[in-house]
Number of protein chains: 2
Amino acid sequence: VIEIENVTKIYQMGETTVAALRGVSLQVEKGEMVSIMGPSGSGKSTLMNIIGCLDQPTEGVYRLDNVDVSKMNDDELADIRNKKIGFVFQSFNLLPRTAALAQVELPMIYAGAPDRRKRALDALQQVGLGDRVHHRPNELSGGQQQRVAIARALVNHPAIMLADEPTGNLDSVSGEDIMNIFKRLNREQGMTVILVTHDPDVAAHAARVIHVKDGKVTV
Amino acid sequence: VIEIENVTKIYQMGETTVAALRGVSLQVEKGEMVSIMGPSGSGKSTLMNIIGCLDQPTEGVYRLDNVDVSKMNDDELADIRNKKIGFVFQSFNLLPRTAALAQVELPMIYAGAPDRRKRALDALQQVGLGDRVHHRPNELSGGQQQRVAIARALVNHPAIMLADEPTGNLDSVSGEDIMNIFKRLNREQGMTVILVTHDPDVAAHAARVIHVKDGKVTV
Ligand SMILES: Nc1ncnc2c1ncn2[C@@H]1O[C@H](COP(=O)(O)OP(=O)(O)OP(=O)(O)O)[C@@H](O)[C@H]1O
Ligand SMILES: Nc1ncnc2c1ncn2[C@@H]1O[C@H](COP(=O)(O)OP(=O)(O)OP(=O)(O)O)[C@@H](O)[C@H]1O
Ligand SMILES: [Mg+2]
Ligand SMILES: [Mg+2]
């Protein structure tokens, strides 16, 4: 369902060039659960942003469900980002003045979904934040903010979950709970899952691990 | 050097009360290296903010080098935060539009230190960011931002290092490098180190581990 072909991402900074991705190719089948691991700065988040249709490659092709993403118009892209893909960002990207409940309801407003409040409460309950629904981000711990971001990514039942280091701020028990949610959705609903992680125990939950180093996929 | 006596921290949110710390006592000797571990939301960052003089307890006493912190005036507090304590925040707290080099020079400007540029370059080199010194935070990976925060905390040679999950966004090799920097400064310069971490491998570098659960220290 995800085909990345020889993708390159170059940042131009004045006279310097930073090559974040240098010819990456990978394929992920529908319903697969894969992990991406690699050193800090090796290109993992850059790759995730391209897969999530939040960024365009400098060269190469990205096909999502057999459609070349660079040929899509803005409406099609917005639709994909809102309904097809759930994204847990490495730095959470929560709205600073918005309570947890509203943060998780937001994707459903865009998708025009019914039962928003109930579904948002369910999602927050599932990630252990049932008693924190009215807290804003600065009234939440780091791991609680991370879990709001996870609940928000899950709430539209996306076909593809992209999670960039989703357990980095969590103790091992909370981390396990999150991984069990992802695995259950993968098993029961066929949700395709791509997880970036620095934790080998987390990576072990996936069927295979893709290693990234210096902007390249190493076998 | 650090004496926390029966400290409580209560947040009032309209009609609800959240007790983030519920009678915590602990002591850290000069030159010690200790870890703090505990579930997400258990009160670790709240405790660190009090130790770092960034927040006041609701009840209880905090003595730093035998002086009651609540009796200090603003100048004394500013001085402590700038020169005596280095703080690595869980969410980095970098200035969004400032390049890495300037971020690391900033504490030295406040401290009136000489050789700022050279020392900032050295610190960034030590954390593996010698080739990223002109990048702003949105041009850096998550782990690179974390390392800028670490370099910034070290650069004034503080007597006390408070690091709140300093390796959460780092692969194991980069994480080891950071731990080795902390251990070397602890050993060679007697820097007192308090590390919050979810990673038992990281906690193992410390002489002892303090466990926090539901706002209390458990033995
Ligand atoms: N300003 C606030 N108002 C209300 N509650 C708050 C506020 N700040 C923190 N809390 C609550 O206090 C508790 C402790 O938060 P703290 O950030 O210390 O946890 P933590 O142990 O650092 O967690 P993590 O491992 O997830 O970073 C949390 O349950 C949090 O929801
Ligand atoms: N806007 C930008 N301009 C210039 N360089 C950038 C930009 N964004 C990212 N980079 C560089 O691209 C490289 C890859 O970044 P990326 O965020 O993908 O790394 P990562 O593998 O996710 O790292 P981490 O594990 O630390 O999160 C890094 O070396 C980074 O400095
Ligand atoms: Mg990243
Ligand atoms: Mg915390």
Side-chain angles (χ1 to χ4, degrees), chain A residues 11-16 18 20 37-49 89-92 94 99 127-129 131-147 164-165 167-175 177-178 196-201 203 211-213, chain B residues 11-16 18 20 37-49 89-92 94 99 127-129 131-147 164-165 167-175 177-178 196-201 203 211-213:
Chain A
Y11 293 108
Q12 197 65 43
M13 297 177 69
E15 303 191 356
T16 343
V18 175
M37 294 189 83
S40 171
S42 55
K44 308 177 296 296
S45 296
T46 305
L47 179 57
M48 291 290 265
N49 287 339
F89 295 92
Q90 187 170 3
S91 54
F92 322 150
L94 299 179
V127 298
L129 294 178
D131 60 353
R132 289 286 182 273
V133 302
H134 298 301
H135 286 234
R136 293 185 300 269
N138 68 348
E139 296 165 334
L140 291 169
S141 78
Q144 291 169 343
Q145 292 174 35
Q146 189 158 38
R147 284 181 274 157
D164 197 346
E165 301 192 36
T167 61
N169 284 282
L170 300 177
D171 55 282
S172 47
V173 173
S174 314
D177 293 344
I178 295 307
V196 170
T197 183
H198 282 308
D199 187 338
D201 294 337
H211 290 279
V212 177
K213 193 171 175 3
Chain B
Y11 293 107
Q12 197 65 42
M13 297 178 67
E15 303 191 357
T16 343
V18 175
M37 293 188 83
S40 171
S42 56
K44 305 178 297 296
S45 297
T46 305
L47 179 57
M48 291 289 265
N49 287 338
F89 295 93
Q90 186 169 4
S91 54
F92 320 151
L94 298 179
V127 298
L129 295 178
D131 60 353
R132 290 286 182 273
V133 301
H134 298 301
H135 287 232
R136 292 186 299 270
N138 67 349
E139 298 166 333
L140 291 170
S141 78
Q144 291 169 342
Q145 292 173 32
Q146 189 157 38
R147 285 182 274 158
D164 197 344
E165 301 193 36
T167 62
N169 284 282
L170 299 178
D171 55 282
S172 48
V173 173
S174 313
D177 293 343
I178 295 306
V196 168
T197 183
H198 283 307
D199 187 338
D201 294 337
H211 291 279
V212 177
K213 193 173 176 358

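Computed from a predicted structure; not experimentally measured. Lettering follows sequence order; numbering is per chain, from 1.
Between the CG atom of Asp171(A) and the NZ atom of Lys44(B) there is a distance of 6.5 Å, given to the nearest 0.5 Å. Summarising the geometry, atom CG belonging to Asn169(B) is positioned 6.5 Å from atom CG belonging to Asn169(A); distances are rounded to the nearest 0.5 Å. Here Leu140(A) contributes atom CG and Leu94(A) contributes atom CG; the two are 8.0 Å apart, rounded to the nearest 0.5 Å. Taken to the nearest 0.5 Å, the CZ atom of Arg132(A) stands 5.5 Å off from the CD atom of Gln144(A).
Contacts of His135(A) with chain B are made by both backbone and side-chain atoms, with heavy-atom separations under 4.5 Å. Of the atoms belonging to Gln146(B), not a single heavy atom falls under 4.5 Å from chain A. When heavy atoms are compared at a cutoff of 4.5 Å, Ser40(B) approaches chain A by way of both its backbone and its side chain.
When Ser174(B), Ser45(B), Gly128(B), Pro39(B) are compared by the number of non-hydrogen pairs under 4.5 Å with chain A, Pro39(B) comes out ahead. Options Arg147(A), Glu139(A), His134(A) differ in how many heavy-atom pairs under 4.5 Å they form with chain B, and the most are formed by Arg147(A).
Scanning all heavy atoms of the two residues, the minimum distance from Met37(B) to Ala203(B) falls at SD-CB, 3.5 Å.
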